[in-house]
Amino acid sequence: FWWMRANRLHEISLHLSGLLCAVLRKAQITIILKHIPLSSILMQTPKDMESKSEEKLPDVENSDQKTRVSFLKNLLIRRVPQILGGYLAASWILLEFMVWLVDRYPISPYLVDFGMVTLASLIPTVVLIAYFHGKPGRDQWTRTEKIGIPTNIVFSAVLLIFLFQGKDLGAITTSVTVIDENGEQIERSIPKSEFRKNIVLFPFENNTGQEENDWLRHAIPVMTQFDIHQDIFINAISTYELVNKINDAGFQAEDPIPLTLKKKITGEHHMDFFTSGVIEDTEGEIAVTVSLYDQRTTKLISENTFSGTEVLRLVDDITVQLKQDLKIPRQHIETTEDLPVSEIMTTSIPALQYFFRGRNAIALEDDWLKGIELLEKSVQEDNTFAFGYVYLYTYSLFSNQGQKVAQAFEPLMKHLYKLPERTQFGVKHDYYSMIKQDRAMAFEVAKNWAELYPDDLNAHYVLALLYMVRNQTEEAIA
């Protein structure tokens, strides 16, 4: 009985010793217990056990620590941490320089991501070279390096091809040469299509509590659109081009428009960004808060508030900030002509009010006679108001008032210089087509318009119509 019990206890002790070994091994201490008989443990006196407890166990942990210290010391001798740290620091400086270049000059923004992926993917090569050649003295190339470095380079190349295939890593502009209607050659650098910015400027909300400020709901985004159109990098549409889609969704242009509807309408126009705006009255000043959103993600990109008593000055500030938020290259912003909006519109606030009340009457109330009458008052307030004449002849044409069309063109062509170039193309096309009856010249103007502003849908629409008239169906479809 005692013999069988002793054997059973011995088996249990062996099992427990195995478990204990596993636990101690995880703690980096190995104690061999499997061959210690249970009887030798049970028959020990307290004095024996005390003496045994004082015996020194194998210092495995110290041995492993020495191994780790030796490994770290080896890395230091081979200068791996120093070389890797220097590489990371140099990479960070290089990436910062690339960010500065992209921000400053018309260089592809993909270049920064390309550089970051390249530098990060080559870290294994840097570690291998540092480990085998960082130690002072001459070293031979090892088998590990001969296999590892080429493999890493091939992997990096494949990764870069996979991530950046089809993306333009060069200049973001391309050169275009056209012959204008006067036979003069024009050379222009225009942005490539993937780098142009397309934005929708929705009506603002009037939270001033004053009805006399309602005209600003449409005036500020529309004037911002006209101001933006001085820049070849940006294409914008605003209030009056959105009325039909807003109405189709069950809203009026005067209603607050939900963010989700703005996203939907922006997508239907194939635009990339859209804005929301709020107008408030703060201690006698107008405060305009403009929020810029990404159409695809509906992510808020920026939100800025502009305050002042001069509406036209606020529009200038909004335009500059939007260009910066849209990541237009700083060098382009600083070197591109950007006239104050008062120069391309008018300095007369009454003229502006008549102008926007007239456009509201036609676009929102469908009252053409009232709208044309108000537009006539706007150019009476300022007879150099070129935009006033543009919409006066346009609406007069649509309402079959041919005499007013001809009357509007004479002062308009005299003050054509006040308009942004892309607007001038449209006016010149209509002038040659309707007033001068020179279809060939109108065609050349439309071609140049579409070449220099390839994202302008109006330009392509006019050119397509002209191709159809000339029975050039393939060119019209293209």
Original post:
Out of D316, D227, D338, D317, which residue meets the salt bridge (Lys or Arg N to Asp or Glu O under 4.0 Å) rule with K323?
Top reply: D338
Indicate whether any N or O donor in one side chain lies under 3.5 Å from an N or O acceptor in the other, for [X] and [Y].
X    : Y    : value
T173 : K192 : no
N213 : D281 : no
T346 : D382 : yes
H229 : E421 : no
D325 : Q321 : yes
E145 : T142 : yes
D430 : Y393 : yes
S108 : D168 : no
Q401 : S396 : no
E303 : S291 : yes
Q225 : E241 : yes
Q185 : E187 : yes
Y240 : N360 : yes

Any heavy-atom pair between the side chains of [Y] and [X] that's under 4.5 Å?
X    : Y    : answer
H269 : I237 : yes
L419 : V390 : yes
F387 : P420 : yes
V243 : L364 : yes
H429 : K447 : no
P191 : I172 : no
I279 : I286 : yes
V178 : L452 : yes

Step through it carefully: locate the ring centre of [X], locate the ring centre of [Y], and say whether they are under 6.0 Å apart.
X    : Y    : result
H133 : W141 : yes
F355 : Y391 : yes
H332 : F233 : yes

**OP:** Identify whether the distance between the nearest side-chain nitrogen and carboxylate oxygen of D272 and K197 falls below 4.0 Å.
**Re:** no
Original post:
Would you call E205-R217 a salt bridge at under 4.0 Å N-O?
Top reply: no
Can you tell me how the ring of [X] sits relative to the ring of [Y], calling it parallel under 30°, perpendicular over 60° and tilted otherwise?
X    : Y    : value
Y467 : F443 : perpendicular
W215 : F356 : tilted
W449 : F425 : parallel

Minimum heavy-atom separation for [X] and [Y], please, with both atom names.
X    : Y    : value
F164 : Y110 : CE2-O, 3.9 Å
L466 : A446 : CD1-CB, 3.6 Å
L412 : A386 : CD1-O, 3.5 Å
A450 : L463 : CB-CD2, 3.9 Å
I362 : G371 : CG1-CA, 3.7 Å
Q230 : T336 : O-CG2, 4.5 Å

**OP:** Kindly determine whether E365 and R359 satisfy salt bridge (charged side-chain N to carboxylate O under 4.0 Å, His left out), including the steps that lead there.
**Re:** CA-CA 9 Å; E365 303 167 19; R359 293 201 67 186; over 6 Å; no
Are there more than 12 heavy atoms of other residues, nucleotides or ligands under 6.0 Å from atom [atom1] of [X]?
X    : atom1 : result
Q165 : CD    : no
Q403 : CD    : no
L457 : CG    : no
E334 : CD    : yes
K404 : NZ    : yes
R104 : CZ    : yes
F162 : CZ    : no

**OP:** Starting from the C-alpha separation in whole Å, work towards a yes-or-no answer on side-chain contact (heavy atoms from CB on, under 4.5 Å) for I199 and F274.
**Re:** CA-CA 5 Å; I199 184 172; F274 65 91; 5.7 Å; no
Subject >> Intermediate values then yes/no, salt bridge (charged side-chain N to carboxylate O under 4.0 Å, His left out), D294 and K299 >> reply: CA-CA 5 Å; D294 182 283; K299 178 183 177 182; over 6 Å; no
Original post:
Step by step, would you call E268 with K245 a salt bridge (charged side-chain N to carboxylate O under 4.0 Å, His left out)?
Top reply: CA-CA 9 Å; E268 290 173 351; K245 289 191 178 292; 3.3 Å; yes
Original post:
Knowing that exactly one of I147, I153, V154 qualifies, which makes a side-chain contact (heavy atoms from CB on, under 4.5 Å) with T151?
Top reply: I147
**OP:** Tell me, with the steps shown, if K377 and E381 meet salt bridge (charged side-chain N to carboxylate O under 4.0 Å, His left out).
**Re:** CA-CA 6 Å; K377 289 183 178 180; E381 286 287 338; over 6 Å; no
